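Everything on this sheet refers to the single structure shown next.
All figures in this text were calculated on a predicted structure; none of them were measured in a lab.
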Amino acid sequence: MVKNSLLKDNKNQTFYGLPHDVSFCKKCVISNQRPSSVIEFKNHPKDKKKVINFNEKGICSACEYHEIKNDIDWELRERKLKELCNKIKSERTNKYDCVIPGSGGKDSAYTAHILKYKYGLNPLTVTWAPHLYTDIGWHNFQSWSHVGGLDNILFTPNGKLHRTLTKLAFNNLLHPFQPFIIGQRLIGPNIASKFGIKYVFYGENQAEYGNDIKDNEKEVMKEEFYSEKNNEENLYGGLSKKDILEQFDFKNEDFLPYLPLDKETINSQKIEVHYLGYYLKWDPQECYYYAAENTGFMANTERTEGSYSKYSSIDDKIDPFHYYTTLIKFGIGRATYDAAQEIRNNKITREEGINLVKLYDQEFPKKYFKEFLQYIDINEKEFFDTVDKFRSPHLWGKDVDGKWKLKYNVSRTGINDTI
């Protein structure tokens with residue numbers, strides 16, 4: 001494990017309750033600055049949220065779980081999936097068998113198609129609309145239904161409120177994707193409840209990528225992720241719903257799509273939210289190949305800014321700024337996330353991953369920058385002033401030319417890496 005001790009003075013103050021010492025996984029390229037759950041993150045230095053811990057082997061929990069995945073009896077897991085699907089089909093009425101949330105991206109396209117055509121379910125797919133569709137994103141969304149042969153509901157939230165929440169989330173939390181993530185997480189269970197459908201399937205469990213390893217041991221999503229237990233006050237751009245109603249021209253009912261299910265509804269309707277990745281070994285690149293072959297999914301014609309990939313998270317023009325802001329707050333950009341999971345899946349070596357991170361991780365997403373500024377109604381100066389406020393001093397400093405630079409990085413070329 002590469003570890004850098006920082007002098008604990010004001011210039012190296014830590015934000016967000018992150019570990020003061022920066023460590024990098026020996027197997028992949030992720031650091032211990034990754035928060036375990038951005039959705040529950042509170043913008044306060046004293047709010048100590050769990051982050052990736054490194055075990056005695058010097059590897060992160062995501063790499064540790066990948067080793068565990070290699071020892072799982074996946075034939076047994078698939079038999080469990082077949083049993084579950086047979087149970088669902090035995091309960092079949094004139095309703096859909098399950099709800100599958102997604103955008104028609106590689107992961108949701110794979111999930112929906114394989115559950116319908118290999119395991120015999122009749123799914124209803126539902127999409128929480130992106131902020132601003134990209135051309136390739138709209139193509140893949142259309143192909144999901146027209147090539148993949150799936151019914152779909154496209155749910156577009158109140159644009160005025162969604163823009164306001166996105167702006168608040170950017171200004172107060174430097175987390176412009178927060179409203180989208182909330183809606184995406186809740187849309188499946190909420191639509192299932194509306195249609196009287198008992199089962200919901202998401203793709204992989206995000207715990208695979210570095211949360212508590214024990215979270216991967218269950219096939220169902222924790223109820224608190226989509227129930228009223230998770231209705232934290234800061235989920236509305238760092239403000240409470242009450243504050244927003246007082247400050248802006250919105251009504252209580254405008255928030256319906258962002259509200260989780262209550263416990264009584266979950267229990268009475270017996271809603272179950274399953275992870276397909278519990279039953280089938282999850283590999284994002286293999287999902288891409290499957291989706292391209294079976295649902296008409298297309299990769300982009302150019303690599304994604306901030307990374308080297310062409311097929312992950314390409315449907316929303318705001319998406320690049322989600323990854324750029326994670327770089328600012330945690331020193332972890334898009335290439336780091338992509339390279340880390342591809343190293344674990346033996347698609348690239350760690351050395352290749354380090355080079356890719358060095359090349360692309362800090363690239364500014366300029367392609368949709370003007371549209372992003374228009375969307376949240378700020379100017380360029382306001383954007384960069386806000387961004388700079390959220391740079392944690394223990395991660396960032398200025399070089400001799402006065403430019404921001406990470407103090408420590410996985411390629412050992414940070415400002416303080418020679419200390």
Side-chain angles (χ1 to χ4, degrees), residues 38 100-113 125-148 150 152-160 162-163 165-167 169-170 175-185 187 203 284-285 287-327 333-338 341 360-378 380 383:
V38 174
I100 299 176
S103 65
K106 61 179 176 54
D107 297 324
S108 54
Y110 166 78
T111 299
H113 192 277
T125 66
V126 59
T127 301
W128 178 270
H131 300 82
L132 296 169
Y133 260 113
T134 61
D135 291 341
I136 192 67
W138 182 251
H139 166 86
N140 288 330
F141 169 69
Q142 292 288 305
S143 294
W144 199 20
S145 291
H146 295 293
V147 179
L150 295 152
N152 177 268
I153 293 174
L154 174 60
F155 186 91
T156 305
N158 178 329
K160 183 179 178 182
H162 204 59
R163 284 172 182 254
L165 294 178
T166 302
K167 181 174 183 176
F170 176 77
H175 187 9
F177 231 46
Q178 187 198 49
F180 175 83
I181 291 174
I182 295 169
Q184 185 184 52
R185 175 169 50 83
I187 192 68
Q285 195 169 92
C287 289
Y288 161 62
Y289 294 140
Y290 182 98
E293 182 177 350
N294 295 284
T295 73
F297 177 85
M298 290 179 62
N300 220 335
T301 55
E302 57 188 8
R303 68 171 179 83
T304 302
E305 290 174 307
S307 188
Y308 56 92
S309 68
K310 295 182 178 180
Y311 58 74
S312 296
S313 300
I314 56 175
D315 60 334
D316 195 336
K317 294 179 180 180
I318 306 298
D319 197 71
F321 299 95
H322 165 56
Y323 286 98
Y324 181 72
T325 53
T326 67
L327 169 71
R334 191 166 193 161
T336 295
Y337 284 110
D338 288 344
Q341 63 91 0
Y360 300 120
D361 213 42
Q362 296 186 52
E363 180 181 28
F364 183 76
K366 61 184 179 182
K367 183 175 182 178
Y368 301 121
F369 185 41
K370 289 183 179 179
E371 288 173 84
F372 177 67
L373 296 179
Q374 281 185 324
Y375 186 83
I376 62 172
D377 190 27
I378 64 171
E380 192 170 322
F383 175 89

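The main-chain N or O of Y323 is found under 3.5 Å from a side-chain atom of T326 such that the two form a donor-acceptor pair. Under a 3.5 Å cut-off, the side chain of S108 and the backbone N or O of S103 do form a donor-acceptor pair. E305 places a side-chain N or O within 3.5 Å of a backbone atom of K366 that can act as its donor or acceptor partner. Under a 3.5 Å cut-off, the side chain of T127 and the backbone N or O of G102 do form a donor-acceptor pair. Judged by distance alone, with hydrogens and angles left aside, the side-chain atoms of T134 form a donor-acceptor pair with the main-chain N or O of I314 at under 3.5 Å. For T325 (side chain) and H175 (main-chain N/O), no donor-acceptor pair under 3.5 Å exists by modelled atom type. Side-chain atoms of D316 do not come within 3.5 Å of backbone N or O of P130 as any donor-acceptor pair.
Across all their heavy atoms, A291 and A109 have their closest contact at CB-CB, 3.9 Å. Closest approach of Y133 and K317 over heavy atoms only: O-CE, 3.4 Å. Contact detail for R334 and T304: the closest heavy-atom pair is NH1-CG2, 3.1 Å. Taking each heavy atom of P284 and Y311 in turn, the nearest pair found is O-CE1, 4.4 Å. Closest approach of I187 to P101, counting heavy atoms only: CG2-CB, 4.1 Å. Here the closest heavy-atom approach between residue A129 and residue L154 is recorded as CB-CD1, 3.8 Å.
Proximity of W144 to T125: side-chain heavy atoms (C-beta onward) are separated by under 4.5 Å at one or more points. Counting only heavy atoms from C-beta outward, the side chains of S312 and K106 approach each other to under 4.5 Å. No side-chain heavy atom of I136 sits under 4.5 Å from any side-chain heavy atom of D315. The side-chain heavy atoms of S143 and F297, taken from C-beta on, include no pair separated by under 4.5 Å. Within the 4.5 Å cutoff, the side chain of I181 has heavy atoms near those of the H322 side chain.
Note: L150 CG to T111 OG1 = 11.0 Å, rounded to the nearest 0.5 Å. Atom CG of residue D377 and atom OG1 of residue T166 lie 12.5 Å apart, to the nearest 0.5 angstrom. From Q341, atom CD reaches atom CD of Q285 across 8.0 Å, with rounding to the nearest 0.5 Å. Here Y290 contributes atom OH and H113 contributes atom NE2; the two are 5.0 Å apart, rounded to the nearest 0.5 Å. Interatomic distance, Y360 OH to Y308 OH, rounded to the nearest 0.5 Å: 10.5 Å. Put simply, CG on L327 and CD on E363 are 11.5 Å apart, with the number rounded to the nearest 0.5 Å.
Checked against the 6.0 Å centroid criterion, the rings of H131 and F177 qualify as a close aromatic pair.
Applying the side-chain hydrogen bond (donor to acceptor under 3.5 Å, both in side chains) rule to D107 yields no partners; only residues at least two apart in sequence or on another chain are considered. A search for side-chain hydrogen bond (donor to acceptor under 3.5 Å, both in side chains) contacts involving K367 returns E302, not counting sequence neighbours. Not counting sequence neighbours, the partners of F383 by the side-chain contact (heavy atoms from CB on, under 4.5 Å) test are F170, F321, Y324, F364, F369, F372, L373, I378, V387. For Q142, the side-chain contact (heavy atoms from CB on, under 4.5 Å) test picks out W138, H146, with sequence neighbours left out. Not counting sequence neighbours, K167 has no partner by the salt bridge (Lys or Arg N to Asp or Glu O under 4.0 Å) test. Scanning for ring-ring contact (aromatic ring centres under 6.0 Å, His included) contacts around F155 gives W128, with sequence neighbours left out.
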### N152/S145 under side-chain hydrogen bond (donor to acceptor under 3.5 Å, both in side chains): CA gap, chis, key distance, verdict
CA-CA 7 Å; N152 177 268; S145 291; 5.1 Å; no
### Query
What's the verdict on salt bridge (Lys or Arg N to Asp or Glu O under 4.0 Å) for D338 and K310, showing C-alpha distance, side-chain angles and the deciding distance?
CA-CA 11 Å; D338 288 344; K310 295 182 178 180; over 6 Å; no
